[in-house]
Amino acid sequence: MYVRSKIVVANWKMHKDLGEGLRLATEVIQMLHNQVKDKVQVILLPPFIHLEAISKLLPTAGPIHLGAQNCHEHAFGAFTGEIAAPMLRSVGASFVLIGHSERRHYFGEGSALLAQKVSIALIYGLRPIFCCGEVEQTCTVAWQENFVEEQLATSLFHLSAEQIAQVIVAYEPVWAIGTGRTPTPTQAQAMHQFIRYIIASKYGEEVASSIPILYGGSCDTENARLFFTRPDVDGGLIGKASLIANSFVTIVKSLE
Ligand code: PEP
């Protein structure tokens with residue numbers, strides 16, 4: 001059977017000026033030199049304006065890759081202040097985060113728009129890292145599952161099987177992002193298994209089993225291994241703990 005990659009993503013959000021970003025990337029690259037296990041990929045998502053400079057630090061063939069935190073839904077045009085997928089490709093990005101809860105919440109990005117962003121990313125050769133996750137901790141499992149299923153169906157299920165096979169899914173319960181609270185690893189595993197089941201129902205087992213599903217939300221050096229050892233948890237999307245090289249590298253190394 002096809003073995004899917006293990007992936008750890010660093011979402012720097014709106015942190016680090018250029019000098020700080022270059023220092024952090026350099027430290028991570030040096031600390032991970034020859035230390036990344038087979039089938040593990042590391043993806044750094046710095047602010048847009050650091051992409052080109054950081055891409056020059058990365059060895060051409062290696063386990064560390066670059067991505068952007070967002071892209072516009074059109075390839076070009078009169079959209080002042082926006083960044084398009086082909087521009088991101090041209091400065092060294094190969095991945096793009098789409099549907100992060102902060103984009104949904106602060107910038108009003110909804111399912112239809114996110115579906116467009118996923119499509120344009122794929123057209124221009126960027127692998128989407130698509131975020132989903134329920135907003136409330138207190139709702140029932142059935143409610144959480146319906147919520148996540150709706151997010152997947154409305155933003156991903158227009159894709160062909162070949163296209164969705166390029167997507168990485170990140171399950172990020174919104175209540176866990178930046179709060180220090182997390183689901184238990186057993187609860188996270190159950191949701192990852194459900195996500196894989198929903199994808200399998202639409203695209204079949206083979207496609208579903210090839211898609212990496214990452215956990216995100218207060219994942220840190222203490223709890224990463226507990227999540228990563230679950231069978232449907234293929235790695236993590238890391239916010240706060242990715243801003244310190246030591247912590248991020250420890251999390252990467254906790255992937256089996
Ligand atoms: C995130 O913003 O995607 C995230 C997981 O943040 P944190 O790790 O800080 O909860």
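For ligands, and for the atoms within them, numbers begin at 1 and follow the listed sequence.
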Just wondering, are more than 12 heavy atoms of other shown residues or ligands nearer than 6.0 Å to NZ in Lys13?
-> yes
Under 3.5 Å, side chain of Glu134 to main-chain N/O of Trp143, donor-acceptor pair present?
-> no
Can you establish whether the number of heavy atoms outside Glu20 located under 6.0 Å from its atom CD is more than 12?
-> yes
Does atom CD of Glu136 have more than 12 heavy-atom neighbours from other groups under 6.0 Å away?
-> no
Less than 3.5 Å apart, N/O on ligand 1 and N/O on the protein: could you list those pairs with the distances?
{"unit_1": "ligand 1", "atom_1": "2 (O)", "unit_2": "Lys13", "atom_2": "NZ", "d": "2.5"}
{"unit_1": "ligand 1", "atom_1": "2 (O)", "unit_2": "His100", "atom_2": "NE2", "d": "2.8"}
{"unit_1": "ligand 1", "atom_1": "3 (O)", "unit_2": "His100", "atom_2": "NE2", "d": "2.8"}
{"unit_1": "ligand 1", "atom_1": "3 (O)", "unit_2": "Glu172", "atom_2": "OE1", "d": "3.1"}
{"unit_1": "ligand 1", "atom_1": "3 (O)", "unit_2": "Glu172", "atom_2": "OE2", "d": "2.7"}
{"unit_1": "ligand 1", "atom_1": "8 (O)", "unit_2": "Gly239", "atom_2": "N", "d": "2.9"}
{"unit_1": "ligand 1", "atom_1": "9 (O)", "unit_2": "Lys240", "atom_2": "N", "d": "2.9"}
{"unit_1": "ligand 1", "atom_1": "10 (O)", "unit_2": "Gly178", "atom_2": "N", "d": "2.7"}
{"unit_1": "ligand 1", "atom_1": "10 (O)", "unit_2": "Ser218", "atom_2": "N", "d": "2.7"}

Any idea how His74 and Phe79 line up, ring-wise: parallel (<30°), tilted (30 to 60°), or perpendicular (>60°)?
-> parallel
What about Phe228 and Tyr215, are their ring centers closer than 6.0 Å?
-> no
